[in-house]
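Read the structure below first, then the notes.
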Amino acid sequence: MLRTQATRQVLRNSRVTAKRSLTLASRVATASIRPTVAKTSMQAARPIISSRGIKHINFGGTTETVYERADWPREKLLEYFKNDTFALIGYGSQGYGQGLNLRDNGLNVVIGVRKNGASWKAAIEDGWVPGENLFTVEEAVKKGTYVMNLLSDAAQSETWASLKPLLTKGKTLYFSHGFSPVFKDLTHVEPPKDLDVILVAPKGSGRTVRSLFKEGRGINSSYAVWNDVSGKAHEKAQALAVAIGSGYVYQTTFEKEVNSDLYGERGCLMGGIHGMFLAQYDVLRENGHSPSEAFNETVEEATQSLYPLIGKYGMDYMYDACSTTARRGALDWYPIFKDALKPVFQDLYASVKNGSETKRSLEFNSQPDYREKLEGELETIRSMEIWKVGKEVRKLRPENN
Ligand SMILES: NC(=O)c1ccc[n+]([C@@H]2O[C@H](COP(=O)([O-])OP(=O)(O)OC[C@H]3O[C@@H](n4cnc5c(N)ncnc54)[C@H](OP(=O)(O)O)[C@@H]3O)[C@@H](O)[C@H]2O)c1
């Protein structure tokens, strides 16, 4: 219902509005490639100073510094890192994406993983050669000038005691999550004080890091510095961010990166939105709506019609594209949801900040049978009526016929 009206409304929009929106949309869509900025609605994001590939951007009234890959063309990266070896330990999602991108950029990379484990086999399939650029974790760390710790967060804690003595002076230690050093009381990962310690956290999975690189695009990342012994830690992190395939790089701190990341994935990105879908679906079912109707009004229309509009053009555009009835109701109800949910988000942030979330994650993910336990919980989700209905509804999408 809402979707039909939204679509009609969009079609009814005047040519001028459509042109303005599409121009804006195409600029937003290419923003990760070219820093073109529209004159009207994007005024707030206009760069006010621009030198090299560094921008000071006004994000809704707060000025932040953003670095871009234009400052680090490939030739400059090759020159900057010509004497370096990147020892990338762990070959999960990020190890795969960052490792292959570094290698394709012509840099000297060695992978370090457990011999004959799943990652060892995956690395061989991707063309890494045992004894040449594929080693055990310890062997790789000894070879690296940069040690990129891309083991799972739990494994970073488990392996730290054996790794730390190998982190000799002159090496740079790199993470893609602030988790281990920030919660060092729980993880026991206390980086040596005489090393540069940096972070680059891509805003997406390692698969996306790789696929966007292959498409010639790039992922946006944040970077941070924990220790700056050489005086060049910021520069190193910015260069390495570009080398692994980043387009724009936002500056942050280890603490802010980990707190926002743990909070976000428990909230709107995953846990929160899942809880909201379940609550809405349950009430519809309790009031006699059919499974398909409950699913369509809760998930399908959200993911297929409305959320993409928010992603591409913004929340105001999504409201604007919906019927007057839908718009009025949503405008009345969003503050009620915000007020009801804010205390939950406050509790969640406190639980992240005081280390409770880290403690739970370490305890759970360090158990030898964590994969089986996880599978059990995923099976619970899989067998919920809402997600079983989703499977059928997806089959009925016209493009799947
Ligand atoms: N995934 C994301 O979307 C994402 C995004 C941004 C940042 N990050 C961060 O990037 C880092 C890597 O995450 P990821 O998702 O790529 O990897 P992951 O799947 O969490 O970790 C997998 C790697 O850890 C190794 N490993 C696990 N337990 C081990 C142990 N006890 N000893 C030695 N190796 C062990 C695995 O080797 P085996 O195959 O031998 O088990 C595998 O190579 C984390 O800090 C994560 O927070 C991840």
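First listed ligand is number 1; within each ligand, the first listed atom is number 1.
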Taking only heavy atoms of Pro202, which atoms of ligand 1 are found under 4.0 Å from at least one of them?
6 (C)
Below 4.0 angstrom from a heavy atom of Tyr91, which ligand 1 atoms are there? Numbered from 1 as shown, please.
42 (C), 43 (O)
When you measure from the side chain of Thr187 to the backbone N and O of Phe183, does any donor-acceptor pair fall under 3.5 Å?
yes
Quick one: look up the protein heavy atom nearest atom 7 (C) of ligand 1 and list residue, atom name and how far away it is.
Ser176 O, 3.3 Å
Can you find an N/O atom of Gln156 closer than 3.5 Å to an N/O atom of ligand 1?
yes
List ligand 1 atoms under 4.0 Å from Thr159, heavy atoms only on the residue side.
32 (N)
Note the single closest protein heavy atom to atom 36 (C) of ligand 1, along with its residue, its atom name and the distance in Å.
Ser119 OG, 3.7 Å
Please classify the Val137 to ligand 1 contact at 4.0 Å (heavy-atom distances, strictly less than): side chain, backbone, both or neither.
neither
Any idea which protein heavy atom is nearest atom 19 (O) of ligand 1, and the distance to it?
Gly92 CA, 4.1 Å
Can you pull out the closest protein heavy atom to atom 11 (C) of ligand 1? Residue, atom name and distance to 0.1 Å, please.
Leu151 O, 3.8 Å
Show me which atoms of ligand 1 lie under 4.0 Å from any heavy atom of His177.
45 (O), 47 (O)
Could you check atom 12 (C) of ligand 1 against the protein and tell me its nearest heavy-atom contact, residue, atom and distance included?
Leu150 O, 3.4 Å
In terms of residue, atom name and distance, what is the protein heavy atom nearest to atom 3 (O) of ligand 1?
Ser205 CA, 3.3 Å
Can a donor-acceptor pair be found between the side chains of Glu235 and Tyr80 at a distance below 3.5 Å?
yes
Lys/Arg cation over aromatic Trp333: Arg328, 6.0 Å, 45° cone
no
Contacting atoms of ligand 1, where contact means under 4.0 angstrom from a heavy atom of Gly90:
43 (O)
Test your reading of the model: is there a side-chain donor-acceptor pair from Gln251 to the backbone of Thr65, 3.5 Å cut-off?
no
Can you find a side-chain donor-acceptor pair between Glu257 and Tyr223 that sits under 3.5 Å?
no
With distance as the sole criterion, is a donor-acceptor pair present between the side chains of Asn101 and Arg210 under 3.5 Å?
yes
Taking atom 41 (O) of ligand 1 as the reference point, the nearest protein heavy atom with its distance:
Arg114 NH2, 2.8 Å
Looking only at the aromatic ring of each residue, does the gap between the centers of Tyr91 and Trp120 stay below 6.0 angstrom?
no
Using a heavy-atom cut-off of under 4.0 Å, does the side chain or the backbone of Glu158 touch ligand 1, or both, or neither?
side chain
Examine Arg69 relative to Tyr248 and say whether NZ or CZ is less than 6.0 Å from the centre of the six-membered ring and inside a 45° cone about the ring axis.
no
Working note: Arg360 + Glu363, criterion salt bridge (charged side-chain N to carboxylate O under 4.0 Å, His left out); need CA distance, chi angles, decisive distance, verdict.
CA-CA 5 Å; Arg360 170 144 173 75; Glu363 280 170 3; over 6 Å; no
Keeping Arg327 on the side-chain end and Cys322 on the backbone end, is there a donor-acceptor pair under 3.5 Å?
yes
If you take the nearest heavy atom of each of Gly204, Ser152, Ser361, which one is closest to atom 23 (C) of ligand 1?
Ser152
of all protein heavy atoms, closest to atom 2 (C) of ligand 1 is Gln94 NE2, 3.6 Å
Kindly identify the option in Ala201, Ser93, Ala122 whose heavy atom sits closest to atom 14 (P) of ligand 1.
Ser93
Glu139 and Lys143: salt bridge (charged side-chain N to carboxylate O under 4.0 Å, His left out), yes or no, with the steps?
CA-CA 7 Å; Glu139 286 166 342; Lys143 289 178 190 299; over 6 Å; no
Short list, please: which atoms of ligand 1 are under 4.0 Å from a heavy atom of Ala155?
26 (N), 27 (C), 28 (N), 29 (C), 30 (C), 35 (C)
